[in-house]
Amino acid sequence: EYTDPHCDGKQAIVHLFEWKWSDIANECEQFLSQKGFCGVQISPANEHIIKTNPPAPWWERYQPISYKLDSRSGTEAELVDMIQRCRKVGLRIYVDVVLNHMAGLGQSGVGTAGSSFNSDNYDFPGVPFTREHFHKHCEINNYGDANQVRNCYLVALTDLDQGNEYVRNKIAEFLNRLIDLGAAGFRVDAAKHMWPQDIQAIEQKLKDLPEGGRPFFAHEVIDQGGEPITTGEYTSLGYVTEFRYCIKLGEGVHNFGNFDNAVDYGWGMTPSDHAFVFVDNHDNQRSHGGGGHIITHKTPRDYKMASAFMLANDYGFVRIMSSYEFGSNTEQGPPHNGDLSTKDVRINADGSCGDGWVCEHRWAPIANMVAFRNAVVGTNKGNYYNQNNQIAFSRGNKGFFAMARDGHMDVTLQTGLPPGQYCDLITDCATKITVDGSGMAHIVINNNEEPIVAFIVGGPT
Ligand code: AAO
């Protein structure tokens with residue numbers, strides 16, 4: 001339950017981090033639908049604080065003021081228009097929802113929808129929430145204490161008490177409104193900081209989607225081992241983020257031998273049917289939560305390999321990250337105009353993005369591997385080959401994947417696929433592969449930047 005993304009069996013979503021609703025609608029129509037994406041995780045859609053010092057940091061979206069649907073990404077009307085336009089071309093929307101807390105202590109003023117607030121007085125008239133709806137103040141300083149993690153404040157963010165029936169109802173009202181507007185599900189921020197039974201009680205108050213079925217849920221729970229709170233406490237509530245896989249993918253790219261063990265249930269990694277997986281996310285790409293060696297768009301060659309492997313492998317439900325450029329200032333918000341409004345995403349003639357938007361999801365080895373994952377759904381890895389930093393495997397009799405760390409590979413392998421000529425997805429068919437009557441194929445890679453070959457049954461020919 002809560003694991004159906006409602007996108008006709010497609011297998012990967014993209015987080016268009018900080019994109020405006022109007023740009024997301026365009027991207028659904030112009031790119032994501034063509035490439036077989038299931039849907040988009042959007043930045044929080046509800047009213048949040050406005051910070052001018054630092055100027056419009058990305059994290060202001062994680063300090064809610066009310067559940068009114070006016071944010072830096074656009075108005076409610078623009079949100080609705082985007083959800084509908086994406087839907088029309090087969091894409092679903094998953095809303096990042098911040099339910100654990102409201103704005104941080106020490107702040108007051110007006111939010112993006114014009115609601116006033118005063119955190120120190122626990123006054124959020126836009127909902128309304130008042131003091132009785134919050135836990136008493138204590139700061140989280142010991143992740144070894146599960147009670148503290150759930151009942152105290154995460155970095156001074158006023159901590160809502162989801163055990164309170166009124167709070168549950170207000171949250172459910174917010175989520176039900178998004179369901180009415182056509183959203184297919186949610187990424188739940190800081191789920192680790194809420195009691196699983198409280199989340200369950202809120203989920204039980206939710207409607208089915210208008211077309212039937214329960215909403216999709218991905219709960220953000222950072223579990224890298226060594227703490228009492230585990231992803232397993234949340235798997236009955238939907239998908240759960242699997243941050244250990246970020247580390248595993250990083251280790252794999254640096255030494256392909258480590259890919260043998262990319263999913264380590266001995267480590268307590270989440271079962272595949274509840275693991276929400278990604279190479280990096282908006283936090284760990286800038287070292288805000290979740291440690292370990294994380295690969296990001298800043299090293300494109302490694303990032304392409306990690307992403308391609310993740311899409312080829314048979315683990316979890318995939319989220320692709322789509323970032324904007326940032327330097328050493330990890331607080332820096334999205335590309336903005338003089339008045340701090342978010343810039344449009346510029347799409348260049350060659351399909352790449354400009355004006356500070358990275359658009360990893362448009363990089364060929366990532367975008368084109370989405371079709372691979374969709375084609376091989378339900379199959380296992382087979383014909384596994386991993387030698388000298390060259391890896392290859394089949395997915396059932398539906399697809400074959402190969403990758404070479406140093407950019408070169410020249411080996412004849414069993415593909416498990418029916419005989420015929422196949423197109424390499426990564427090069428948009430510039431390379432062809434012939435599978436002979438016994439399933440063997442000569443696999444050649446000669447590409448330093450994108451050292452990957454992948455082909456599927458039923459793909460382009
Ligand atoms: C901002 C300011 C604060 C200020 C606050 C209130 O930065 O100084 O006090 O406003 O005014 C984002 C930003 C925050 C920002 C916040 C609100 O990241 O900087 O605060 O918006 O504007 C924990 C949580 C996890 C959370 C993560 C960042 O468990 O839920 O911290 N992620 C989400 C969002 C995130 C957002 C929020 C939550 C809040 O995705 O964008 O914050 O809405 C350990 C724990 C983790 C813990 C990390 C924190 O991780 O296990 O649970 O994450 O520490 O660093 C090893 C361990 C690993 C450990 C890691 C530490 O690898 O194995 O377990 O090291 O890196």
Side-chain angles (χ1 to χ4, degrees), residues 15 17-18 41-44 46-54 56-65 71-72 95-109 111-112 117-120 137-146 148-160 186-195 199 218-231 233-234 240-248 250-251 267-269 276 278 280-294 319 321 323 326 329-334:
H15 181 197
F17 179 52
E18 285 282 10
Q41 178 184 316
I42 63 171
S43 283
N46 59 300
E47 180 172 23
H48 55 85
I49 58 163
I50 301 170
K51 275 253 170 234
T52 48
N53 184 22
W58 61 270
W59 48 257
E60 63 185 28
R61 310 285 294 262
Y62 293 94
Q63 300 201 36
I65 299 306
S71 69
R72 179 155 83 201
V95 185
D96 190 352
V97 289
V98 185
L99 313 177
N100 174 63
H101 53 263
M102 301 298 281
L105 293 171
Q107 301 179 96
S108 61
T112 47
F117 74 102
N118 184 323
S119 296
D120 289 347
H137 181 226
C138 50
E139 281 296 315
I140 298 170
N141 51 39
N142 175 14
Y143 276 95
D145 179 350
Q148 189 188 95
V149 173
R150 265 73 173 256
N151 295 340
C152 290
Y153 290 33
L154 170 64
V155 292
L157 296 160
T158 53
D159 201 61
L160 283 166
F186 309 99
R187 176 261 185 193
V188 180
D189 183 71
K192 175 176 176 175
H193 300 273
M194 296 184 278
W195 292 99
I199 296 177
H219 295 285
E220 190 227 5
V221 178
I222 301 180
D223 167 10
Q224 302 190 130
E227 289 180 17
I229 297 176
T230 63
T231 58
E233 291 176 64
Y234 293 83
V240 189
T241 53
E242 184 42 272
F243 279 83
R244 282 161 289 204
Y245 201 47
C246 302
I247 298 172
K248 292 289 208 164
E251 291 173 352
W267 260 29
M269 285 176 72
F276 191 64
F278 39 93
D280 63 334
N281 80 342
H282 72 278
D283 288 325
N284 67 14
Q285 70 172 198
R286 43 175 65 71
S287 319
H288 272 238
H293 185 103
I294 305 301
R319 174 181 62 194
M321 180 69 202
S323 314
F326 61 91
N329 173 13
T330 63
E331 302 197 298
Q332 180 197 315

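Computed over heavy atoms, backbone and side chain alike; hydrogens, waters and symmetry mates excluded. All ligand and atom numbering here is 1-based and tracks the order in the structure.
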Rounded to the nearest 0.5 Å, how far apart are CD of E227 and NZ of K192?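 Output value for this atom pair is 3.5 Å.
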
Using a strict 4.0 Å cut-off to heavy atoms of H282, name the atoms of ligand 1 that fall inside it.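 Those atoms are 34 (C), 35 (C), 40 (O), 41 (O).
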
Any atoms of ligand 1 less than 4.0 Å from a non-hydrogen atom of Q107? List them with their elements.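 Counting from 1, the qualifying ligand atoms are 11 (O).
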
Residues E47 and S71: side-chain donor-acceptor under 3.5 angstrom: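 Not at all, the side chains of E47 and S71 share no donor-acceptor pair under 3.5 Å.
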
Which bit of R286 gets closer than 4.0 Å to ligand 1, counting heavy atoms only: side chain, backbone, both or neither?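 Neither part.
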
Between the candidates V155, T241, D189, N281, which shows the shortest non-hydrogen contact distance to atom 9 (O) of ligand 1?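 When every heavy atom of V155, T241, D189, N281 is considered, V155 comes closest to atom 9 (O) of ligand 1.
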
Ring pair (Phe, Tyr, Trp, His ring centres under 6.0 Å) for F278 and F243? Distances and angles first, verdict last. CA-CA 8 Å; F278 39 93; F243 279 83; 5.1 Å; yes

Proximal candidate to atom 47 (C) of ligand 1 [heavy atom criterion; set Y62, Y143, W58]: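 That would be Y143.
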
Between L157 and ligand 1, find which residue part has any heavy-atom pair under 4.0 Å and reply side chain, backbone, both or neither. side chain

With nothing but distance in play, are any N or O atoms of Q63 less than 3.5 Å from an N or O of ligand 1?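 Q63 vs ligand 1: N/O contact under 3.5 Å present.
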
Is the closest N or O pair between K192 and ligand 1 shorter than 3.5 Å?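 Yes: some nitrogen or oxygen of K192 is under 3.5 Å from one in ligand 1.
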
Is there a heavy atom of H101 sitting under 4.0 angstrom from any atom of ligand 1?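 So H101 counts as touching ligand 1.
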
Just verifying a value: how many Å separate D96 CG and F186 CZ, rounded to the nearest 0.5 Å? 11.5 Å

Look up atom OH in Y234 and atom CH2 in W195, then write down how far apart they are to the nearest 0.5 Å.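 Y234 atom OH to W195 atom CH2 measures 8.0 Å (nearest 0.5 Å).
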
Any atom of ligand 1 sitting under 4.0 Å from a heavy atom of H219?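 Checking ligand 1 against H219, which is what was asked, there is no heavy-atom contact under 4.0 Å.
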
Quick check with a 6.0 Å cut-off and a 45 degree axis cone: is K248 positioned over the face of W267's six-membered ring?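 Yes, K248 and W267 form such a contact.
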
Ring geometry between H282 and Y62 (parallel below 30°, tilted from 30 to 60°, perpendicular above 60°):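 Rings of Y62 and H282: parallel, as their planes differ by under 30°.
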
Considering only heavy atoms of A190, which atoms of ligand 1 have at least one such atom less than 4.0 Å away?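 Answer, ordered by atom number: 30 (O).
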
What is the distance from atom CD1 of I50 to atom CD of Q107, rounded to the nearest 0.5 Å?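 Answer for the CD1-CD pair, I50 versus Q107, is 11.5 Å.
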
Would you mind running through ligand 1 and noting each atom that sits below 4.0 Å from a heavy atom of H193?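 The list of qualifying atoms is 24 (C), 29 (O), 30 (O).
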
